[in-house]
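Working notes, beginning with the structure itself.
Keep in mind that this is a model prediction, so the values were computed, not measured.
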Amino acid sequence: MKFFNQQLLKFEQTVRYQAYFYALDNGVYQPTNKAQAD
């Protein structure tokens, strides 16, 4: 668990992580019909 948390912290500081959550907050990712059915 300690290793996982260390790696997650490193990932959270990357541009890729920040870009993903920026896009998520701005509605870029929309659920598909299949996901809505679940």
Side-chain angles (χ1 to χ4, degrees):
M1 188 66 156
K2 183 178 179 181
F3 177 76
F4 175 83
N5 289 333
Q6 289 171 339
Q7 296 305 311
L8 180 59
L9 182 59
K10 286 181 186 179
F11 181 60
E12 287 174 347
Q13 296 170 354
T14 66
V15 173
R16 185 174 177 189
Y17 176 90
Q18 293 169 2
Y20 172 75
F21 279 97
Y22 177 82
L24 183 63
D25 288 340
N26 288 288
V28 173
Y29 303 109
Q30 298 297 320
T32 62
N33 289 337
K34 182 180 178 184
Q36 290 174 346
D38 291 341

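Distance check, rounded to the nearest 0.5 Å: CZ of F21 to CG of L24 gives 6.0 Å. Remark: L8 CG to Y17 OH distance equals 6.5 Å, nearest 0.5 Å.
Summarising the geometry of E12 relative to Q18, their closest heavy-atom pair is O-NE2, 4.1 Å, with the distance given to 0.1 Å.
The environment of Y29 atom OH is dense: over 12 non-hydrogen atoms of other residues, nucleotides or ligands sit within 6.0 angstrom.
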